[in-house]
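A short write-up of the structure that comes next.
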Amino acid sequence: MIKENYHTHTKRCGHAFGEDEEFVLAAIEGGLETLGFSDHVPYLTESPRHRMKYEELDAYIESILALKEKYKDQINILVGMELEYFPSQIDLLMEYRKKLDYCIIGQHNLELDTDSCYKLDSKEGLLTYLDRIETACKIGLCDYIAHPDLCLFNYQHANDETSLYVANRLADLSLTYNIPLEINCGAGLRIGKTAFEDGIRYPYPTRAFFEVFAKRQAPVILGLDVHKPKYFLTDKYIDLAMQELQGLNLNILTHYDIKAAADKRKANL
């Protein structure tokens, strides 16, 4: 089991299950030393089953801070969020950035509530996905890139020119801004391997991307992407991810002080 996890959701997002304290207790039982909560950021428009409501934000922060105090002698708890970069939402995103311990970027749509990244099937879509993440890194909005290969969820050729260009540019961003790329140990593995035009593979993590990250020695980090407390109590999905990436000389971070990294980036906003 890893000692740090910065990718943890709560039931407020509508597709996670369990009380906040249950996640903390499971993390402690699983041997974690640092637990970062990073539920999906709310916007002013609602999207049930995708993110919390805007009016739930204060209760989210208050709940995690209360648990941080209650369990301070057993585990280090941080309050973060998983955000997406949408140009139209920049003021709100910067507001979140300044008040939270850290932020991770997990781009699920190209625009707010439209153009799902799970459905990308064109060069233009992949390049727009890359542009969103690149801008977030440049303006100091995020501290790690969650499931960087989610753009390949529906894209049929993980090794084509466009895919490999995106992978190399993501490695550039990681190295330039010292932002880790996540080996996501969540939904992509639980879905299982799927038939694509270029063969059988997981939707993510995708070996083709991580071959590039390994070659470039870009820093990578394991993220459990927890939606149920029980996932803190098993190494099954970590093992599956590492089996998929077996033989790669990955630059895996075993420790990443994400709050210190975030504080440095926020100081430059």
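Please read all numbers here as calculations on a predicted model, not as lab measurements. All heavy atoms count here, side chains included; hydrogens, waters and symmetry mates do not.
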Test item: side-chain donor near acceptor, [X] and [Y], under 3.5 Å:
X: Glu62; Y: Tyr60; result: no
X: Ser163; Y: Asp160; result: yes
X: Asp20; Y: Ser63; result: yes
X: Glu134; Y: Tyr85; result: no
X: Tyr102; Y: Asp263; result: no
X: His147; Y: Glu82; result: yes

Between [X] (side chain only) and [Y] (backbone N and O only), is there a donor and an acceptor less than 3.5 Å apart?
X: Thr162; Y: Lys123; value: no
X: Arg265; Y: Tyr177; value: yes
X: Gln89; Y: Phe86; value: no
X: His255; Y: Leu253; value: no
X: Arg207; Y: Gln246; value: yes

Are the side chains of [Y] and [X] in contact, using a 4.5 Å heavy-atom criterion?
X: Ile139; Y: Ile90; result: yes
X: Ile104; Y: His7; result: yes
X: Val41; Y: Leu92; result: no
X: Cys117; Y: Leu110; result: yes
X: Asn168; Y: Tyr165; result: no
X: Leu32; Y: Lys3; result: no
X: Ile221; Y: Ile183; result: no
X: Pro219; Y: Leu175; result: yes

Checklist entry - What's the verdict on salt bridge (charged side-chain N to carboxylate O under 4.0 Å, His left out) for Asp239 and Lys236, showing C-alpha distance, side-chain angles and the deciding distance? => result CA-CA 5 Å; Asp239 293 342; Lys236 175 181 177 180; over 6 Å; no
Checklist entry - Taking NZ, NE, NH1 and NH2 as the nitrogens, is one of them in Lys70 or Glu21 under 4.0 Å from a carboxylate oxygen of the other? => result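 Answer for the salt bridge query: yes.
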Going by the angle between their ring planes, with limits at 30° and 60°, are [X] and [Y] parallel, tilted or perpendicular?
X: His40; Y: His108; answer: perpendicular
X: Phe232; Y: Phe23; answer: perpendicular
X: Tyr96; Y: Tyr54; answer: tilted

Checklist entry - By side-chain contact (heavy atoms from CB on, under 4.5 Å), which residues pair with Leu65, not counting sequence neighbours? => result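 Partners of Leu65 under the side-chain contact (heavy atoms from CB on, under 4.5 Å) test: Ile61, Lys68, Val79.
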Item to check | Glu161, CD atom: more than 12 neighbouring heavy atoms under 6.0 Å | outcome: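 Atom CD in Glu161 is not packed in, count stays at 12 or less.
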Checklist entry - Got more than 12 heavy atoms from elsewhere within 6.0 Å of NE2, His157? => result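 Yes, the 6.0 Å shell around NE2 holds more than 12 heavy atoms from other groups.
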Checklist entry - At their closest point, which heavy atom of Tyr129 faces which heavy atom of Pro148, and how far apart are they? => result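 Nearest pair, atom of Tyr129 first, then Pro148: OH-O, 2.9 Å.
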Checklist entry - Does the pair Glu56 and Lys53 meet the rule for a salt bridge (charged side-chain N to carboxylate O under 4.0 Å, His left out), with working shown? => result CA-CA 5 Å; Glu56 293 178 309; Lys53 298 177 181 179; 6.0 Å; no
Item to check | Intermediate values then yes/no, salt bridge (charged side-chain N to carboxylate O under 4.0 Å, His left out), Asp143 and Arg97 | outcome: CA-CA 10 Å; Asp143 304 300; Arg97 177 56 160 158; 2.6 Å; yes
Item to check | Residue pairs, two or more places apart or on separate chains, that pass salt bridge (Lys or Arg N to Asp or Glu O under 4.0 Å) and touch residues 102-120 | outcome: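 Only Arg51-Asp113, Glu111-Arg132 qualify under salt bridge (Lys or Arg N to Asp or Glu O under 4.0 Å).
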Item to check | Pairs satisfying salt bridge (Lys or Arg N to Asp or Glu O under 4.0 Å), at least one member in residues 180-200, at least two apart | outcome: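 Passing the test, one end in residues 180-200: Lys193-Glu244, Asp198-Arg201.
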Item to check | Ring center gap for Phe37 and Tyr6 short of 6.0 angstrom | outcome: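 Ring centres of Tyr6 and Phe37 not closer than 6.0 Å.
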